[in-house]
Structure formats: structure tokens, C-alpha cells
Amino acid sequence: MRILIAPDKFKGSFGAEAVGEHIAAGLREVCPAADIELQPIADGGEGTAEVLRRSLGGALVECAAHDALGREIRARFGWVPTARIAFLEMSAAAGLAQLAPEERAPLRATTFGVGEMLLAAVARGADNILIGLGGSATNDGGSGLARALGFRLLDAAGQEIDSIGAMEKLARIVPPNELRLPAITVVADVRNPLLGPRGATRTFGPQKGATPEQIEVLERALNRLAEVAAEDGSDFRDRPGTGAAGGLGFGLLAFCGAELRPGFEVVAEALDLRARISTTDYVITGEGNLDTQTLEGKGPAGVARLARELGKPVFAIVGRCSGEAEVNALFDGIFTLDDDGPPFTRTGELLEARGRELAKRLISPA
């Protein structure tokens, strides 16, 4: 019996690799002879760059940067010198997890540090840079990143605008005299556009601390940023995925000429996931919360669809599942941790227990 375990992270609890290791431990208790392969996955959110770095055997390097509130930090990114590829997580510089709840300040939180990371990768000689979007504390449309790269965001009086809270006053954007960037690929796990009811602000702003009043300010600010940025003939505001990471997806397209791709698609290619699924008997995936949003480009849905295409049974072990018919239809079985109470207090123990349950089902299917 060959089993491929390809889980995503349980956000706020376990990384993808730890999730897979606990599931594998439970499976082995029941099926000690099973040939189990563990391959952590990601979909453009937090952890994507790390999964890709490990797949290519890259190293972690540090650079000076600033966090979302402008404090000096040391940020890390992946570097593969033989291929001259850098793997960046925007959350390493501008992540929500770096801020205490009372520090969340979406009107002034900035992606400036992400721009500093990008420049550090360029200074190392990167020919390709991949940036994973997810876990952001920011809602600045990439304006902070633009300033780090040398763009000047000016009001009608020629004064610099240094926060998204003042972006409604934006009159023109002056590009740097010389900016040479390599090919940049942006990977995201959502398809939200920059603006509107499904945009960056209205969808994700509240979790970053934005009040109803601030949401209106931020929406107008991003709209103005998009209007002025479009004056060069490139209008990305409606592109799916540009609302990721508080609109950083938009900023990377508008200011860096980046290519935006679905994160799972990039990861699946890098890991040769289709070929690996084709040679296994069973596929197991999972994430912290399985719901209809999973269908919008999330890793477990991508794994399930590949398995379905290849005729392989696929199961999910998850923290929670909302139980919608569309979600259930993707899998041959879903095992949840919350049957035993809150899932993030005994995550490892419960993952192993669900692994044992699943193994018994594989041995004696109903």
C-alpha cells in the first residue's frame, strides 16, 4: 500500500511538515508496512516560499528590513545560488503574526520591508524572485513596497505620501530613475480583486484591525492608488488575486511588472505533484479549516482535484469542516479534529488519532 500525505499548514498551530508527520505516525501504528511518502504543500499563502525552498535544497539568508510598523528587523528568505532563485514570504517583513492585537494599525501598516527584502534578493544576483502572499498586516496596495524601490508618491503640492491613510491625496507617481528587477512571480492563495465587496479591504481589512470607518478610508485610498497607477496605461485593479495581502498583489504588478499566478499551480509544478500522485494508491491532504474558501485556489482542493483526475482515492484530515456539499464532494472521506473539542489544544495527538482511523478504513473499507 502506497500513501502520499500532502497537507497544508494548520494556521496558528502546526506547519505543513509537522501535520504530515503526525498523520504518518498514526497511519504507521495501524499499517506498519505501508509505503508512506510525505510532501508538505502550500498554495501561495504563508509557507509557500519555504516549501519551494526546501524542494530545491535552498538556504535561508537574512537581510535588514522593517516590519509593518517601521521597526527594524532581520527578515529571512530562501536562496538557491545554483539556480539564482530567491523565495520570499511577504509575511517575513509585514506579517500580522509579528504584531500584538493592540498593535494592528491598517492605516499606517506598510509593505516597505517587503521592498527591502526584494532589493536584498536583487543584490544577491537573483535572476528569478518568487514572492508568496499571505498573512499580511497591511492594506497599502503595495505602496510601501513602491517607496522602498524608489517610487515617489506625491500629492498635488509635491509632498511625499508615506502612508495608505493619506493616499486619497495622491496626485502622481514618479518612478525611480533606474530600477532593474529580474523576473518576479507572485503567488497567491486567493482570487480577490483589489477593490469592491470582494476586494482587499472589505474582505480582509477587519482581521487586520480595520474599523468600519477605516474600511471606507482604505477603500477610497486603494481606489485612488489604482487610478493614478493606471495613468501609464496598465490597470490591474480588477485582476483576480490583486487583492491578496492587502493589495500587495496589485502593487507588485503595477510597480514591478510581476507575473501573478495561483500559488498551488506553481507549487504543484515545482513538486511534480501530478506524477507523484499517479504512482500512489491513496492520497491524504488537509488544512486547519476546510470550507467553501478552500475551493478558491487552496492547496487541499488542488490536491483533491489532481487525485480525482488520476483516479486516486483522496482523503482530508482537517481541524474543522463546514460541511458544504461542494467541499464534501471533493473527497472520499473527511476526518475532523474538532469532534474531540477545540482542535488546536491537542493538535498532534488528534492528528495521529485521525490517521489511525483513516488507516483502519483503508484496511477495511465499508
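Bear in mind that the values here come from a model prediction, so they are computed numbers and not experimental data. Basis for what follows: all heavy atoms, side chains included, without hydrogens, waters or symmetry-related copies.
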#### Entry: For Pro300 against Gly286, the heavy-atom pair lying closest together
CG-O, 3.6 Å
### Over all atoms of both residues, closest heavy-atom pair of Asp8 and Ala16
C-CB, 3.6 Å
### Expected output: side-chain Gln98 to main-chain Ala92 donor-acceptor under 3.5 Å
yes
### Task
Give a yes or no answer on whether the side chain of Arg53 reaches the backbone of Gly58 with a donor-acceptor pair at less than 3.5 Å.
yes
### Query
For Pro40, which of Glu50, Glu17, Arg54, Lys9 qualifies under side-chain contact (heavy atoms from CB on, under 4.5 Å)?
Glu17
### Message
Applying a strict under-4.5 Å side-chain criterion to I, L, V, M, F, W and Y, I'd like to know whether Phe112 and Met117 cluster together.
### Response
no
### Query
Is a side-chain N or O of Arg172 found less than 3.5 angstrom from the main chain of Val228, in a donor-acceptor match?
no
#### Entry: Met1 side chain near Asp35 side chain, heavy-atom distance below 4.5 Å
no
### Task
Find the distance between SG (Cys63) and CZ (Arg74) and round it off to the nearest 0.5 Å.
7.0 Å
### Query
Does Val314 offer a backbone N or O that forms a donor-acceptor pair with the side chain of Asp332 under 3.5 Å?
yes
### Query
Between Arg354 (side chain) and Thr336 (backbone), is there a donor-acceptor pair under 3.5 Å?
yes
#### Entry: The single option from Leu149, Leu133, Leu248 passing side-chain contact (heavy atoms from CB on, under 4.5 Å) against Val114
Leu248
### Query
Hey, what do you get for CZ (Arg237) to CG (Leu225), rounding to the nearest 0.5 Å?
9.5 Å
### Task
Walk me through it: do Thr185 and Ile129 pass the test side-chain contact (heavy atoms from CB on, under 4.5 Å)?
CA-CA 6 Å; Thr185 301; Ile129 298 175; over 6 Å; no
### Message
Under the side-chain hydrogen bond (donor to acceptor under 3.5 Å, both in side chains) test against Thr111, which residue among Thr138, Asp140, Asn139 passes?
### Response
Asp140
### Message
Looking at every non-hydrogen atom in both residues, tell me the closest pair between Ala304 and Leu330 and how far apart they are.
### Response
CB-O, 3.8 Å
### Task
Let me see the working for Glu116 and Arg147 under salt bridge (charged side-chain N to carboxylate O under 4.0 Å, His left out), right down to the final yes or no.
CA-CA 10 Å; Glu116 293 175 307; Arg147 290 191 301 107; over 6 Å; no
### Message
Does this structure show an ion pair linking Glu357 with Lys360, if we count only N-O contacts that are shorter than 4.0 Å?
### Response
no
### Query
So, for Leu118 and Cys256, which heavy atoms are closest and what is the spacing to 0.1 Å?
CD1-SG, 4.4 Å
### Message
Regarding Glu219 and Asn223, do their side chains bring together a donor and an acceptor under 3.5 Å, going by distance alone?
### Response
no
### Query
What heavy-atom pair brings Ile85 and Trp79 nearest, and what distance separates the two atoms?
O-CE3, 3.3 Å
### Query
For atom CZ of Arg239, is the number of surrounding heavy atoms from other residues, nucleotides or ligands below 6.0 Å larger than 12?
no
### Message
Set out, in order, the CA-CA distance, both residues' side-chain angles and the distance that settles salt bridge (charged side-chain N to carboxylate O under 4.0 Å, His left out) for Asp155 and Lys169, then state yes or no.
### Response
CA-CA 5 Å; Asp155 64 17; Lys169 300 178 181 178; over 6 Å; no
### Message
Main chain of Arg361, side chain of Ser364: is a donor-acceptor contact present, judged purely on distance under 3.5 Å?
### Response
no
### Message
Testing the 3.5 Å rule here: is there a donor-acceptor pair between the side chains of Glu287 and Thr294?
### Response
yes
### Query
Do NZ/NE/NH1/NH2 and the carboxylate oxygens of Glu102 and Arg104 come within less than 4.0 Å?
no
### Query
Thr242 side chain to Leu194 main-chain N or O, any donor-acceptor pair under 3.5 Å?
yes
### Expected output: side-chain Glu89 to main-chain Ala49 donor-acceptor under 3.5 Å
yes
### Query
Is a donor on one side and an acceptor on the other found under 3.5 Å between the side chain of Arg261 and the backbone of Ala188?
no
### Message
For Glu326, is the CD atom crowded, meaning more than 12 foreign heavy atoms sit under 6.0 Å from it?
### Response
no
### Task
Ignoring hydrogens and angles, tell me if any N or O in the side chain of Glu103 forms a donor-acceptor pair with the backbone of Ala100 under 3.5 Å.
yes
### Query
Is the CZ atom of Arg191 crowded by more than 12 outside heavy atoms at less than 6.0 Å?
no
### Task
For residues Ala93 and Ile73, report the shortest heavy-atom separation together with the two atoms involved.
CA-CD1, 3.9 Å
### Task
Could you walk me through whether Arg220 and Glu168 pass salt bridge (charged side-chain N to carboxylate O under 4.0 Å, His left out), step by step?
CA-CA 6 Å; Arg220 291 194 300 268; Glu168 285 184 80; 2.9 Å; yes
### Task
Tell me, with the steps shown, if Asp189 and Lys298 meet salt bridge (charged side-chain N to carboxylate O under 4.0 Å, His left out).
CA-CA 6 Å; Asp189 62 348; Lys298 297 290 187 179; 2.9 Å; yes
### Query
Is it true that Phe151 and Phe255 have ring centroids separated by less than 6.0 Å?
yes
### Message
With a 4.5 Å cut-off on side-chain heavy atoms, are Arg356 and Glu352 touching?
### Response
yes
